[in-house]
Asks: 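Take a look at this one; I'll ask things after.
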Amino acid sequence: MPSSRSPFPWVEILDRLSSFYGTGDWRTPYLREHAENPFQVLIGTILSQRTRDENTDRASALLFARFPDARSLAAAPLPEVEPLIRATGFYRVKARAIVACAATLLDRFGGVPPPSFETLTSLPGVGPKTANCVLVFGYGIPAIPVDTHVHRIANRLGVVRTRRPDETERALREVLPDRFWIPLNPLLVQHGQNVCRPIGPRCGACPIAALCATGRALRAGRPPPRPEDAPPGSGATPRARRASVRRSPRGPPRRPRTSSPRRANRRGTRRPPRRRAGPS
Ligand code: SF4
C-alpha cells in the first residue's frame with residue numbers, strides 16, 4: 001500500500017509539469033478524457049516495446065483497422081499481421097506475441113482484458129509495465145506503469161534509488177500516495193522525452209529543477225546526490241529506503257549537457273555507439 005504520509009512535493013511537481021506541457025489539471029478524473037479500449041491498450045503496449053511512439057501509433061492504426069478485437073486478431077494469419085506492424089521492429093516476434101495474447105484472451109476471458117494485475121501478467125507477453133498500462137489507460141485504475149522515463153526521472157528526483165524499472169515500481173508504491181499514480185506516467189514520460197532526456201537532460205530549462213535532487217545539486221555546483229542523499233521529506237520509510245537505495249549503473253547525470261543530435265541516437269534512449277579506433 002502506498003504511504004499517505006509522504007511530504008515529497010508531488011503536488012507541486014505534477015502542477016508544474018502539467019502547466020509546462022499544457023496537459024490540463026492532472027486532478028481531472030483520467031477516464032473522462034482519456035479512456036481507451038483496454039484490448040487495444042494491451043496490444044499497443046506490447047507493440048511499443050523497444051520502439052518510438054510514432055512507430056507504435058502507425059502500426060497500431062494499421063493493425064486495429066484490420067483486426068480491432070481479440071477475436072479477429074486471434075484468427076489472423078501471421079503473414080497478414082507482420083507487415084502491418086513492421087514499423088515497430090522485431091515484428092515477427094511481436095506478431096507471434098500479440099496473436100498468442102489475443103488467443104489466450106479469447107479463450108480465458110472472452111476477449112476482454114481482465115482489470116487485475118495478477119491476471120493480466122499471466123497472459124503471454126504481458127509484463128508488469130504492460131499490465132499497469134492496461135489498468136491505468138484502459139480502466140482508469142490507479143497503477144504505476146514504470147518505463148525507462150519514469151525509472152530514470154524518479155531516480156534523478158531522488159525519491160528512489162533503484163537499478164531496474166521493476167524495483168522503481170515497488171519503491172514508488174511505497175512512497176507515492178495512490179492519488180498520484182495515474183497522472184505520474186503520462187507527465188514523466190512527456191518530461192523524459194522533452195527535457196529530462198536520457199542523455200543531456202536540460203536541467204537549465206526544467207520547471208521542476210528546484211524540486212529535483214539532481215537539479216539542486218547541479219545548481220549548487222555539487223556532484224549529483226548519492227543513494228543515501230535522498231532529499232529531506234522524500235517520504236521513503238527506512239524499509240523502503242533500504243529496499244530501493246541502490247546505485248543505478250548509469251546513475252544520475254554528472255552535469256547537464258547540451259542536447260545534441262550527435263549524442264542522442266534516433267530513439268533518444270541509448271548512449272551513442274562508441275567510435276572504434278581506426279587503423280593507425
Ligand atoms: S532538474 Fe534535470 S535531472 Fe532533475 S528533473 Fe529536471 S531535467 Fe531531470
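Counting convention: from 1, in listed order, for ligands and their atoms alike. Small disclaimer: the values here were computed from a predicted structure and weren't measured.
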Asks: So, T56 versus S48: side-chain donor-acceptor pair below 3.5 Å or not?
Replies: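 There is no such pair between these side chains.
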Asks: Looking at every non-hydrogen atom in both residues, tell me the closest pair between C203 and L218 and how far apart they are.
Replies: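 Reported closest heavy-atom pair: SG-CD1, 3.9 Å.
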Asks: R156 heavy atoms, cut-off 4.0 Å: which ligand 1 atoms fall inside?
Replies: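 This gives 3 (S) as the contact atoms.
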Asks: How would you list, by chain and number, every residue that makes a side-chain hydrogen bond (donor to acceptor under 3.5 Å, both in side chains) with E118, sequence neighbours excluded?
Replies: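 Expected list: none.
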Asks: With the side chain counted from C-beta on, respond yes when T130 and L120 share a heavy-atom pair under 4.5 Å apart, and no when they do not.
Replies: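 SC-SC contact between T130 and L120 ruled out.
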Asks: E82: what forms a side-chain hydrogen bond (donor to acceptor under 3.5 Å, both in side chains) with it, not counting sequence neighbours?
Replies: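 Expected list: none.
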Asks: Please identify which atoms of ligand 1 are closer than 4.0 Å to at least one heavy atom of A209.
Replies: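 Every atom of ligand 1 under 4.0 Å from some heavy atom of A209: 1 (S).
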Asks: Measure from atom 2 (Fe) of ligand 1 to every heavy atom in P207, A210, C203 and give the option owning the shortest one.
Replies: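 Comparing heavy atoms across P207, A210, C203, the nearest one to atom 2 (Fe) of ligand 1 lies in C203.
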Asks: Has H191 got an N/O/S atom less than 2.8 Å from atom 6 (Fe) of ligand 1?
Replies: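 No.
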Asks: Side chain, backbone, both or neither: which part of C212 has a heavy atom under 4.0 Å from ligand 1?
Replies: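 Contact part for C212 vs ligand 1: side chain (C-beta onward).
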